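A short write-up of the structure that comes next.
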Amino acid sequence: MSNRYMPHTEEDIRRMLDKIGVASLDDLYSDVPSEVIFKEEYDLPSAMSEIELRRHFQELADKNDLLTVFAGGGVYDHYSPSVIPHLLERSEFYTAYTPYQPEISQGTLQYIFEYQSMISELTGMESTNASMYDGATATAEAMFMMVASAKKKNRVVASATVSDRVLAVVKTYAKFHGVDLTVVPEKDGVSDLDAIKKELEAGDVAGVIVPCPNKYGIIEDFTGFADAVHAAKGLLTINADPSALAVLKTPAEWDADIACGDGQSLGMPMQFGGPYLGYISCRSSLLRKMPGRVVGATVDASGKRCYVLTLQAREQHIRREKATSNICSNQSLMALYATIYLALMGKKGLVEVNKLSCDGAHYLYNKLIASGKFTPAFEKPFLKEFTVKTSLDMNKVNRRLLENGIMGPIVLKNGLVEFAVTEKRTREEIDKLVTLMLED
C-alpha cells in the first residue's frame with residue numbers, strides 16, 4: 001500500500017454509528033456545546049521543503065519569550081544538565097513502550113528498576129511504582145489506594161495547604177469515583193492537626209493527605225500526624241517535592257504509609273506545563289494496591305542478574321470501571337529523565353541544589369522585608385519558596401517585570417504573593433527583581 005494510514009470510509013463510519021445506535025457524527029457530538037466546536041476551515045500552510053519547514057518552526061519558536069523565573073507553585077526552574085536530552089533522545093529510549101517481553105527489554109527494565117530504587121531512597125519508602133502522569137494524578141491515585149486498603153471506609157481528608165492545583169484534580173477524581181473528600185482548613189499556614197483529629201473521630205476516614213513543603217512553601221512539622229491517623233485505622237499520605245527530600249525529613253521518617261508527588265523538580269524543564277512525572281512510593285504491605293507496574297531484579301537460568309515485570313495490576317486491563325485504577329502504562333521516558341538526573345547529581349549534587357536554592361530564597365526574602373513594602377505572611381521555615389504580604393498592586397508589578405524579561409511571583413488572595421528561587425537564580429537577577437518591583 002502506498003498510503004500506510006487509510007482514513008475511515010463512509011461505510012466504515014456508517015457501520016460504527018449503527019453499532020452504537022447513533023444516526024450521525026453530529027448526533028455523536030451533540031453533548032459538546034456548539035460554541036466550543038471549531039466551524040472554520042483549518043489555517044494550514046501549503047506544503048514546504050525541508051529548509052522552509054525548519055525556518056517556519058524557528059519563526060514559531062522565536063515567538064516564545066525566555067524569562068527569568070521567580071514563580072513556583074509546584075513547577076520550578078531547576079537546571080537541566082545538557083547530557084540528559086542527548087541520552088533521552090536515543091531511539092531505543094524514545095520509542096520504547098511497555099516492556100512486556102523481558103528477554104528483549106532488559107535496558108528499559110533496568111532503568112525503570114533504577115528509577116524505582118532512587119525514588120524509594122529519596123522517600124525512604126519500601127516500594128515505588130513506574131510511574132505516574134504527574135503529581136496531581138499521583139495524589140489522586142494515592143487517595144484510591146487508601147480507600148482500597150480500608151475496610152468499608154470511603155472518606156479521605158486532605159489539608160487545605162496541599163496545592164490548590166493538586167486539590168482540584170483530586171476533587172475531580174473523588175467525585176467521579178464516589179470518594180467522599182473532606183478538605184480541612186489550614187491554621188496559620190499549615191495543616192491543622194486538631195481539625196484532622198476531629199475528622200478522624202467519626203471513624204469513617206480511610207486516610208489523610210498532607211504536603212511537604214506546602215502550597216506556601218512552608219516546611220510543615222508532622223509530629224503526631226501518623227500516630228493520630230494510625231490510631232483511627234487510617235493511612236497517611238505525604239505529597240512531597242522529591243528534590244527537597246534530599247535535605248528534608250522523608251515521608252518514611254514521618255511514619256507515612258504513602259508518598260507521592262511530581263518529579264518535575266528533578267531537573268525537568270518547565271516546558272509550558274509538561275510532560276512531567278508523577279511518583280508513588282509506599283510501604284511494602286500496600287504494594288498490590290499501587291497502580292501501574294513494578295519492575296524487579298532477579299537472576300536468569302545462568303545465574304546472571306536480569307530484570308522482569310514483578311507486578312502489574314492486570315485488573316486494570318480486564319476489570320475496566322471496577323478496577324482500583326486504570327493506569328496501565330507508565331511515564332517511562334520521563335522516569336528515565338529523572339533517573340539520569342539523579343545519577344548525575346548524586347547525593348552531594350542534590351544537597352548543593354537545595355543549598356543554593358535555599359540561600360537565594362532567603363536572600364530575596366530578607367531584601368523584600370527590608371524594603372518595607374513586604375511583610376512576613378507566616379513565621380515558618382521554608383526552603384526555596386515563600387509567601388509574603390504586600391499592599392503593592394502585584395498584577396501591575398508583574399506586568400512591569402514581564403516587560404523586563406522576568407516571570408514574577410504568583411499572586412494569591414488577600415495580598416499574599418509567592419516567590420520561588422532555584423539554584424539558577426543569581427544575586428544580580430534577584431537584585432534586579434527587587435529594584436523593578438519597588439519602582440514607583
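Because the structure is predicted, anything quoted here is derived from the model rather than measured.
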Side-chain donor-acceptor pair present, [X], [Y], cut-off under 3.5 Å:
X      : Y      : answer
His362 : Lys384 : no
Ser49  : Glu52  : yes
Thr223 : Asp221 : yes
Ser281 : Thr128 : yes
Ser191 : Thr161 : yes

Criterion salt bridge (charged side-chain N to carboxylate O under 4.0 Å, His left out) on Lys347 and Glu352, from CA distance to verdict: CA-CA 9 Å; Lys347 292 182 179 180; Glu352 184 70 10; over 6 Å; no

So do [Y] and [X] actually touch side chain to side chain, heavy atoms under 4.5 Å?
X      : Y      : value
Trp254 : Lys249 : yes
Thr172 : Val169 : no
Tyr76  : Val69  : no
Pro409 : Leu401 : yes

Option among Phe382, Phe378, Phe70 that satisfies the ring-ring contact (aromatic ring centres under 6.0 Å, His included) test with Tyr365: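 The passing option is Phe382.
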
For Glu418, all residues meeting salt bridge (Lys or Arg N to Asp or Glu O under 4.0 Å), sequence neighbours excluded: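 Counting only residues at least two positions away or on another chain, Glu418 forms no salt bridge (Lys or Arg N to Asp or Glu O under 4.0 Å).
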
Qualifying side-chain hydrogen bond (donor to acceptor under 3.5 Å, both in side chains) pairs with a residue from residues 205-216, counting only residues at least two apart or across chains: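 Counting only pairs at least two positions apart or across chains, the side-chain hydrogen bond (donor to acceptor under 3.5 Å, both in side chains) contacts touching residues 205-216 are Asp164-Lys215, Glu186-Tyr216, Asn214-Glu220.
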
Side chain to side chain donor-acceptor pair (under 3.5 Å) partners for Asp257, two or more places apart: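 Applying side chain to side chain donor-acceptor pair (under 3.5 Å) to Asp257 gives His230, Arg283.
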
